[in-house]
Amino acid sequence: MNKIRDHYFSHDANASRDEKILKMREQFGVRGYGLFWEIIEYLFSSGGKAELNYKMVSLAIGEDVRTVKPFLIACIDVFQLFESDGQTFWSNRLLSDIDRIVKTSLRNSRAARVRHDKDKNKDNHVIELSNHPITITECACTANAERSDCERTAIDKIDKKEEIDICSNKDAEKGKAAKTTKQPMRFCKPTIEEIREYCIERNNTIDAQHFMDHYEANGWVVGKTAMKDWKASVRNWERNAIRTPAITKASYDPYKGLRIRNEC
């Protein structure tokens with residue numbers, strides 16, 4: 001599928017009163033209506049179709065899998081808001097919108113190429129006119145004219161030498177700048193084994209599969225920035241786990257009051 005340049009899709013003003021939507025809302029309420037559009041946005045960002053993986057979908061939209069799974073099953077089997085082949089799921093209406101967006105993008109791209117070709121032809125025509133030879137009538141050469149030509153030739157040679165020196169200095173500066181510029185490191189997505197081995201090496205309690213699923217779902221970004229170092233993200237998860245320890249409930253002792261009275 002061609003790249004989708006638009007970052008939005010049509011949302012009918014009366015979508016909440018669609019017959020299928022009303023049946024879904026009767027069971028899941030306004031909460032279900034919000035979940036439906038969260039899943040539509042996830043499908044749009046995935047190109048129209050997505051893997052029917054309830055855990056992956058729940059991570060992508062930031063909802064509990066225990067909420068997402070029964071809702072998505074009902075939307076496919078009962079309300080028929082989504083279609084599925086058992087491996088993937090999609091929305092026919094959304095696929096139609098994406099097809100329209102792609103066709104519009106291709107049409108605009110072809111129009112831009114036509115305009116570019118026209119401008120290029122105009123530029124070539126101007127260059128041809130500027131390169132047209134000009135005929136100069138020869139005149140008798142005198143001693144003064146020959147002297148003037150020699151002077152002009154000497155001046156031209158000096159100017160040309162200065163231009164060569166300036167260009168050489170610019171090229172040298174560009175080469176020095178290119179050497180000092182460091183190429184950015186390219187991010188390589190880790191395997192589950194690499195994550196698990198690093199967590200064992202760090203002796204932390206991070207679930208490697210949970211870490212992998214989380215960043216697979218959001219496209220390996222941290223906030224709104226592409227990830228640069230996955231090991232640094234593991235260490236951040238490790239620090240966050242230390243800052244927020246699990247809260248344990250105090251065990252109930254029915255004889256605590258009696259022991260206190262006996263001790264007194």
Side-chain angles (χ1 to χ4, degrees), residues 3-9 28-75 82 87-91 94 177-253 256:
K3 182 180 179 182
I4 302 174
R5 296 181 181 178
D6 292 15
H7 298 286
Y8 58 90
F9 54 88
F28 292 96
V30 177
R31 171 68 170 160
Y33 189 62
L35 285 173
F36 170 76
W37 283 108
E38 282 186 317
I39 294 172
I40 286 290
E41 291 172 0
Y42 169 63
L43 286 174
F44 183 78
S45 65
S46 301
K49 285 188 176 184
E51 181 183 356
L52 188 59
N53 184 323
Y54 303 110
K55 187 175 182 180
M56 190 75 71
V57 175
S58 64
L59 287 172
I61 67 176
E63 298 288 345
D64 193 330
V65 68
R66 292 171 295 182
T67 302
V68 172
K69 184 175 180 179
F71 175 76
L72 192 52
I73 291 174
C75 285
F82 299 114
Q87 300 295 325
T88 59
F89 73 104
W90 64 89
S91 165
L94 182 62
K179 290 179 180 178
T180 57
T181 303
K182 294 183 178 179
Q183 295 294 331
M185 294 180 64
R186 183 178 180 183
F187 173 71
C188 294
K189 184 172 68 175
T191 62
I192 185 66
E193 290 78 11
E194 290 175 332
I195 299 172
R196 188 174 290 112
E197 288 177 3
Y198 188 64
C199 289
I200 293 171
E201 178 185 336
R202 296 283 302 174
N203 194 24
N204 58 36
T205 59
I206 293 174
D207 185 347
Q209 187 63 54
H210 182 200
F211 182 90
M212 183 77 171
D213 290 341
H214 176 80
Y215 286 110
E216 278 290 331
N218 74 354
W220 292 92
V221 296
V222 180
K224 295 183 179 180
T225 307
M227 182 178 291
K228 296 180 180 178
D229 185 354
W230 65 268
K231 291 185 178 180
S233 294
V234 169
R235 294 192 293 273
N236 284 335
W237 278 44
E238 184 179 316
R239 284 189 289 271
N240 291 335
I242 294 172
R243 293 193 195 104
T244 57
I247 300 173
T248 58
K249 294 184 178 179
S251 59
Y252 175 67
D253 186 359
K256 182 178 180 181

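Residue numbers count from 1 along this sequence. The shown structure was predicted, so the numbers you read here are calculated from the model rather than taken from an experiment.
Rounded to the nearest 0.5 angstrom, Asn240 CG and Ile206 CD1 are separated by 8.5 Å. Between the CG atom of Asn218 and the CE atom of Met56 there is a distance of 10.5 Å, given to the nearest 0.5 Å. Here the CG atom belonging to Leu35 is positioned 5.0 Å from the CD atom belonging to Glu63, to the nearest 0.5 angstrom. Within the model, atoms CD1 of Ile39 and OG of Ser91 stand 11.0 Å from one another, a figure rounded to the nearest 0.5 Å. In this structure, the separation between NZ on Lys189 and CH2 on Trp220 is 7.0 Å, given to the nearest 0.5 Å. Interatomic distance, Lys228 NZ to Ser233 OG, rounded to the nearest 0.5 Å: 12.0 Å.
Proximity of a side-chain donor or acceptor of Glu197 to a complementary backbone N or O of Glu194 within less than 3.5 Å is not detected.
Residues Leu59 and His214 approach most closely at CD1-N, 3.8 Å, considering heavy atoms. Contact detail for Glu51 and Phe89: the closest heavy-atom pair is O-CE2, 3.6 Å. Val65 approaches Pro70 most closely through the heavy-atom pair O-CD, 4.2 Å. Shown here for Val221 and Tyr215, the closest heavy-atom pair between the two residues is O-CE2, 3.6 Å. Looking at every heavy atom in both residues, Ala60 comes nearest to Ala217 through N-CB, 3.9 Å. In terms of heavy-atom proximity, Met212 sits nearest to Ile195 at SD-CD1, 3.7 Å.
Residues Asp213 and Lys55 have side chains in contact (heavy-atom distance under 4.5 Å, counting atoms from C-beta outward).
Residue-environment remark: NZ (Lys69) stays at or below the threshold of 12 foreign heavy atoms within 6.0 Å. Residue Asn203 places its CG atom among 12 or fewer non-hydrogen atoms of other residues, nucleotides or ligands, all under 6.0 Å distant.
Checked against a 6.0 Å centroid threshold, the rings of Trp230 and Phe187 do not count as neighbours.
Of the options Tyr42, Phe71, Phe36, a ring-ring contact (aromatic ring centres under 6.0 Å, His included) to Phe82 is made by Phe36 and by none of the others.
Side-chain atoms of Arg66 and Tyr54 include no donor-acceptor pair closer than 3.5 Å.
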